[in-house]
Amino acid sequence: MIYVTGDIHGEVDISKLNTQNFSQAKEGDYLIICGDFGLIWDIKPSKNEEYWLKWLSKKPWTTLFVDGNHENFDRLKNYPITEKWGGKVQKIYDKVYHLMRGEIYTIEGKKIFTFGGALSHDKMYRREGISWWEDELPSKEECECAMANLKSVEDTIDIIITHDAPKSIARRYGYDRVDMSQVYATDKEDITAFLEHISHFVNYKQWYCGHYHMDFDDSDSFHFLYQTILKIDM
């Protein structure tokens with residue numbers, strides 16, 4: 001069985017995964033976190049990170065996550081890349097894996113497309129390389145790779161997992177009204193515009209995102225997640 005939830009922000013919101021809150025998970029199940037995993041955050045590996053990664057590894061399920069905007073990308077990119085479930089992954093710890101941008105995985109018989117990242121609107125309160133990283137946004141190469149992978153499956157997917165939302169959906173709730181070029185000069189892509197683009201041609205059954213700290217269904221097929229843990233049953 002596959003479950004999905006929103007951001008955990010390291011130890012800040014990890015309590016929702018306590019056994020009493022998530023007792024339905026069994027050995028061999030999967031839990032996907034929609035970004036802001038946050039347990040690769042400190043400048044150097046810390047005892048606190050080790051504690052929580054070990055805590056996750058002892059759970060019956062396997063933890064999978066896409067990156068959000070609150071990850072230490074300088075450290076994350078140094079984890080070796082391997083292949084699992086038909087796509088590229090980074091093993092972070094026993095039973096803890098990073099699902100990479102633009103990859104397609106087959107898990108429990110479901111084709112899952114993943115694309116992490118988002119723009120930090122609080123960048124002005126953060127320090128580059130300490131609490132903010134430009135790699136929170138995708139590169140042109142990552143977007144092109146995603147498009148090629150989608151084409152390889154004829155643009156047909158069961159599940160899409162992202163951290164951010166397509167531009168039109170974000171704006172419906174008052175978000176994504178910041179001009180990226182006015183935030184900082186970058187060669188990165190506008191992620192909400194990219195997600196908007198794929199939303200118009202990819203055939204998908206369910207789309208889950210985090211980032212907005214709300215639990216809300218925009219439609220029968222698009223879901224914002226934060227504290228809720230949903231079973232993907234389709």
Side-chain angles (χ1 to χ4, degrees), residues 2 4-7 30 32-36 64-69 81 83-89 97-119 121 135-181 183 186-212 214-225 230 232-234:
I2 303 174
V4 60
T5 191
D7 318 9
Y30 297 90
I32 304 177
I33 297 168
C34 295
D36 278 5
L64 314 174
F65 70 95
V66 299
D67 52 275
N69 52 304
I81 298 173
E83 288 201 7
K84 198 170 181 68
W85 305 295
K88 295 178 181 177
V89 301
Y97 294 87
H98 174 216
L99 303 180
M100 301 183 72
R101 295 176 183 174
E103 293 297 306
I104 296 173
Y105 308 93
T106 301
I107 302 175
E108 297 280 301
K110 297 175 177 63
K111 282 191 290 187
I112 302 175
F113 171 78
T114 60
F115 205 91
L119 176 69
H121 295 285
D135 285 342
E136 66 182 20
L137 290 174
S139 65
K140 182 179 180 180
E141 181 182 16
E142 286 173 322
C143 292
E144 289 176 344
C145 179
M147 296 289 285
N149 286 340
L150 287 168
K151 185 177 181 180
S152 74
V153 294
E154 300 180 336
D155 301 324
T156 301
I157 290 293
D158 293 312
I159 300 162
I160 295 179
I161 303 286
T162 60
H163 185 54
D164 213 332
K167 190 175 292 286
S168 63
I169 295 178
R171 285 187 170 176
R172 188 142 61 232
Y173 301 100
Y175 298 100
D176 194 55
R177 299 187 183 278
V178 178
D179 181 353
M180 266 183 43
S181 66
V183 179
T186 177
D187 60 352
K188 302 296 186 180
E189 298 294 310
D190 183 334
I191 187 168
T192 58
F194 175 70
L195 296 178
E196 180 72 23
H197 175 62
I198 68 171
S199 74
H200 291 295
F201 71 83
V202 174
N203 300 306
Y204 65 91
K205 296 177 182 176
Q206 297 293 327
W207 186 324
Y208 304 92
C209 82
H211 190 43
Y212 295 93
M214 62 181 183
D215 294 280
F216 186 76
D217 297 330
D218 177 70
S219 67
D220 290 340
S221 59
F222 192 97
H223 315 277
F224 292 96
L225 292 175
L230 290 181
I232 297 178
D233 192 6
M234 42 176 271

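The chain is numbered in sequence order, starting from 1.
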Task: Heavy-atom pair with the smallest gap, counting every atom of Gly102 and Ala146 - done: CA-CB, 3.5 Å
Distance-only donor-acceptor hits, side chain of residues 191-203, under 3.5 Å, sequence neighbours excluded:
| from | atom 1 | to | atom 2 | distance (Å) |
| --- | --- | --- | --- | --- |
| Thr192 | OG1 | Lys167 | NZ | 3.1 |
| Thr192 | OG1 | Asp176 | OD1 | 3.2 |
| Thr192 | OG1 | Asp176 | OD2 | 2.9 |
| Thr192 | OG1 | Asp190 | OD1 | 3.0 |
| Glu196 | OE1 | Lys167 | N | 3.3 |
| Glu196 | OE1 | Ser168 | N | 2.8 |
| Glu196 | OE1 | Ser168 | OG | 2.8 |
| Glu196 | OE2 | Ser168 | OG | 3.2 |
| Glu196 | OE2 | His200 | NE2 | 2.7 |
| Ser199 | OG | Glu196 | O | 2.6 |

Task: Glu83 side-chain N/O to Lys88 backbone N/O, donor-acceptor pair under 3.5 Å - done: no
Open item on the list: Tell me whether the rings of His98 and Phe65 are parallel (<30°), tilted (30 to 60°) or perpendicular (>60°).
Closed with: parallel
Open item on the list: Can you confirm whether Leu64 sits close enough to Ile33 that some side-chain heavy atom of one is under 4.5 Å from a side-chain heavy atom of the other?
Closed with: no
Open item on the list: Could you report the tightest heavy-atom contact between Gly210 and Phe224, atom names first, then the distance?
Closed with: O-CD2, 4.5 Å
TODO: Go through the structure and list residues passing side-chain contact (heavy atoms from CB on, under 4.5 Å) with Asp158, not counting sequence neighbours.
DONE: Lys110, Lys111, Lys205, Met234
Open item on the list: Test of understanding: with side-chain contact (heavy atoms from CB on, under 4.5 Å), list the residues that count as partners of Ser219, not counting sequence neighbours.
Closed with: Ser221, Phe222
- [ ] For residues Gly87 and Glu103, report the shortest heavy-atom separation together with the two atoms involved.
- [x] CA-OE1, 3.6 Å
Open item on the list: According to side chain to side chain donor-acceptor pair (under 3.5 Å), who are the partners of Asp217, at least two apart in sequence or on a separate chain?
Closed with: His223
- [ ] Return yes if some donor-acceptor pair links the side-chain N/O of Asn69 with the main-chain N/O of Glu136 below 3.5 Å, else return no.
- [x] no
TODO: Using salt bridge (charged side-chain N to carboxylate O under 4.0 Å, His left out) as the criterion, list what pairs up with Asp67, not counting sequence neighbours.
DONE: Arg101
Task: Any residue meeting side chain to side chain donor-acceptor pair (under 3.5 Å) with Asp7, in chain and number order, not counting sequence neighbours - done: His9
- [ ] Sequence neighbours left out, what passes side-chain contact (heavy atoms from CB on, under 4.5 Å) with Glu141? Give chain and number order.
- [x] Ser139
Task: Partner set under side-chain contact (heavy atoms from CB on, under 4.5 Å) for Val66, not counting sequence neighbours - done: Leu99, Thr114, Ile161
Task: Nearest heavy atoms of Leu230 and Tyr208, plus distance in Å - done: CD1-CE2, 3.9 Å
Open item on the list: Suppose we call two aromatic rings close when their centres sit under 6.0 Å apart. Are Phe113 and Tyr204 close by that rule?
Closed with: no
Open item on the list: With heavy-atom distances below 4.5 Å as the criterion, would you say the side chains of Ile107 and Ile159 are in contact?
Closed with: no
Open item on the list: With heavy-atom distances below 4.5 Å as the criterion, would you say the side chains of Asp155 and Val153 are in contact?
Closed with: no
Task: Partners passing ring-ring contact (aromatic ring centres under 6.0 Å, His included) against Tyr97 (at least two apart in sequence or in another chain) - done: Trp85
Open item on the list: Return the NE2 to NE2 distance between His163 and His211, rounded to the nearest 0.5 Å.
Closed with: 5.0 Å
- [ ] Work out which heavy atom in Ser152 is nearest to a heavy atom in Asn149; give both atom names and the distance.
- [x] OG-O, 2.5 Å
Task: Pairwise side-chain contact, Met100 with Ile81, heavy-atom cut-off 4.5 Å (strictly under) - done: yes
Open item on the list: Testing the basics here: between Lys84 and Tyr105, what is the closest heavy-atom pair and its distance to 0.1 Å?
Closed with: O-CD2, 3.5 Å
Open item on the list: Do Asp164 and Cys209 have side chains that approach each other closer than 4.5 Å (heavy atoms only, starting at C-beta)?
Closed with: no
- [ ] Working to the nearest 0.5 Å, report the span between CG of Leu150 and SG of Cys145.
- [x] 9.5 Å
Open item on the list: List the residues meeting side chain to side chain donor-acceptor pair (under 3.5 Å) with Asp218, not counting sequence neighbours, and say none if there are none.
Closed with: Arg172, Tyr173
